[in-house]
Amino acid sequence: MSEVEEVMATEEQTSPDAEVSDNVSKKEELVDETMEVLPSEEIITDAIDEDGDEVEEITQITKKVVKRTMKITETSSTTKTTTLTTPAKLYGKDLSEYDDVDVETLLAQLSPEEINILAKEVDPDDNFLPPDQRCSYECEKASTGPLNRKKLIEHINKQAIEAPDEPEFEPYVKGTVRGKKWVPPPRDQRELDAEEKISIDLGDEYESALTDATQEEIIDLAAILGFHSMMNQDQYHASLLNKGQPVGLGWDGITKSTQQKVYPMDPPNNTDVEESIKRIKEDDTKLIDLNLNNIKNISEEKLEQLIAALPENEHLEVLSLTNVGLTDKLALLLAEAIEKSKTLRVLNVETNFISPPVIVKLVESLLKCRTIEEFRASNQRSQVLGNKIEMEITDLVEKNTSLLRLGLHLEFNDARHRVAAHLQRNIDRIRKDLELRLQYRFFNNLHRNPTRVQ
């Protein structure tokens, strides 16, 4: 016979039934669970076995009941949201009612006193308005007259003397430290060990020399070694020039600012321009150097006459036209005159109003002159020449074999290095030519007048 067990489970809930709204959440929790076995029952049924005989079949049923106690927790939350759409109001009216109001008409109806009151309530964020119009503060005091600095300082000093001093929390007592005294933190032992290990053995001779040296001699030694921070400027320069140390200026001496030397003003240039032009036209043999620097009243016609007379002159070697107001027109005429000059060696046209392209024309004219060794044209109307102009000047200078000095401010390194290298080559070549000429003359004279060295 087979035994069939039927398990029946019933649940007992401790909470009553309730209607839960959408905003109520349930939480179930198991409190207790028990199992009870009920008495078994037998069921008799008729059946036919394999041999065809009729038999009785007994089925025994055992029932078990499981009792569970569950705790249900309900959580309810209610949120009430109220949205107010009340429009903003100004003086009891909606703001939309003021859209069609003409502000200019309202301002025209106000009195000056009302406009001042309104201006105090408004702070315009406008940088173009003066501060007295942007600030709401207005000084109503009457003016006391112009500023008197002496009386103002006397008034400030009087107030400072009459104002009582602030009371001190702890009175001052001589020799007593008020508050907490600062104590430096202890140094690392490794630093102290490193300092102890540093020792310099100068030898007995140097040790005795330094021990017996005076303070002035030690200062001189420090200046020779370049210890600028150990002395003041007067001590350093006195040591270099071997003038002796100033009296009272030792290691602890206080130096004052060096009194500036007053140099007399340069006398004005009293060169007679008309007389100089006349001498250039007549090719005066004594006129070799002409300096017209800083003469402000030279007219354009006189400068044109001076430049026009240069090609015919065969004795002028140095011409200085600094700060005379040369323009591009006169500079172009000067470039044409330079090409025809035969004796001019130095030309100075600094501090004028020549543009960079005309400076290129002047440098180009030096190629045809072949006699000018020094050319100066810095500090013109344009402080910066530009890369293109500097490269053109560099190419022209590299073609010139007679130029030895060039007074121009070149901004780019490539141009500066190329110009400096070429001028140095010209100087070296001329120096070698002079050496060969001197050797030739020496051996020629020696051949003509042979002497026997005893």
Side-chain angles (χ1 to χ4, degrees), residues 226 240 288-293 307 310-311 313-324 326-328 330-443:
L240 294 182
I288 299 176
D289 187 350
L290 179 59
N291 187 348
L292 300 179
N293 296 342
I307 294 172
L310 289 177
N313 189 284
E314 297 182 357
H315 294 88
L316 185 65
E317 296 182 1
V318 180
L319 176 61
S320 297
L321 298 174
T322 300
N323 195 18
V324 295
L326 278 180
T327 59
D328 288 345
L330 298 174
L332 290 174
L333 296 177
L334 182 61
E336 296 178 359
I338 291 173
E339 295 178 358
K340 303 175 183 178
S341 179
K342 301 176 183 178
T343 58
L344 199 61
R345 294 189 305 104
V346 179
L347 177 63
N348 188 351
V349 291
E350 293 179 342
T351 317
N352 285 295
F353 303 99
I354 306 174
S355 60
V358 180
I359 294 178
V360 175
K361 293 290 184 182
L362 289 172
V363 178
E364 186 178 2
S365 64
L366 303 180
L367 293 175
K368 299 181 180 179
C369 179
R370 295 292 181 181
T371 58
I372 293 184
E373 300 176 355
E374 182 176 349
F375 174 70
R376 299 185 178 275
S378 60
N379 193 22
Q380 300 298 329
R381 178 175 59 185
S382 178
Q383 297 292 337
V384 179
L385 299 177
N387 187 19
K388 181 180 178 181
I389 298 297
E390 291 189 7
M391 290 299 106
E392 292 181 4
I393 293 175
T394 303
D395 295 337
L396 294 173
V397 170
E398 290 180 341
K399 297 177 183 178
N400 196 322
T401 58
S402 60
L403 188 64
L404 303 181
R405 298 178 184 86
L406 179 65
L408 273 177
H409 176 68
L410 302 177
E411 182 180 2
F412 295 93
N413 295 332
D414 183 26
R416 288 203 302 268
H417 294 165
R418 289 170 58 184
V419 168
H422 181 75
L423 296 180
Q424 186 62 42
R425 286 195 296 269
N426 288 347
I427 294 174
D428 293 340
R429 186 179 62 256
I430 292 178
R431 177 178 55 81
K432 292 179 181 178
D433 292 342
L434 291 176
E435 290 179 357
L436 292 176
R437 290 181 183 179
L438 291 176
Q439 291 178 4
Y440 174 76
R441 289 184 181 181
F442 174 75
F443 287 111

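A donor-acceptor contact shorter than 3.5 Å is absent between the side chain of N348 and the backbone of G407. The backbone N or O of N293 sits less than 3.5 Å from a side-chain atom of N291, completing a donor-acceptor pair. Remark: the backbone N or O of L406 is not paired with any side-chain donor or acceptor of R376 at under 3.5 angstrom. Side-chain atoms of E390 never come within 3.5 Å of backbone atoms of L410 as a donor-acceptor pair (strictly under, hydrogens ignored). Of the possible polar contacts, none joining the N313 side chain to the P311 backbone as a donor-acceptor pair under 3.5 Å is found.
No more than 12 heavy-atom neighbours from other residues, nucleotides or ligands sit within 6.0 angstrom of CZ on F353. Remark: R405 CZ is loosely packed, at most 12 non-hydrogen atoms of other residues, nucleotides or ligands lying under 6.0 Å away.
Side chain to side chain, E317 and T343 fail the donor-acceptor criterion of an N or O pair below 3.5 Å.
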Hey, can you pull the donor-acceptor pairs under 3.5 Å for the side chains in residues 356-370, sequence neighbours left out?
from: S365; atom 1: OG; to: L362; atom 2: O; distance (Å): 2.5
from: R370; atom 1: NE; to: L367; atom 2: O; distance (Å): 2.9
from: R370; atom 1: NH1; to: T401; atom 2: OG1; distance (Å): 3.1

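For the pair R431 and E435, the salt-bridge criterion is met [side-chain N within less than 4.0 Å of a carboxylate O].
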Discussion item. If you apply the rule side-chain contact (heavy atoms from CB on, under 4.5 Å), what do you find for S355 with D328, and how did you get there?
Written reply: CA-CA 7 Å; S355 60; D328 288 345; 2.9 Å; yes
Practice prompt. Could you walk me through whether Q380 and N352 pass the side-chain contact (heavy atoms from CB on, under 4.5 Å) test, one step at a time?
Written response: CA-CA 5 Å; Q380 300 298 329; N352 285 295; 3.4 Å; yes
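With sequence neighbours excluded, no residue satisfies side-chain hydrogen bond (donor to acceptor under 3.5 Å, both in side chains) with T371.
Just one of R425, R418, H422 meets the side chain to side chain donor-acceptor pair (under 3.5 Å) condition when paired with E398; it is R418.
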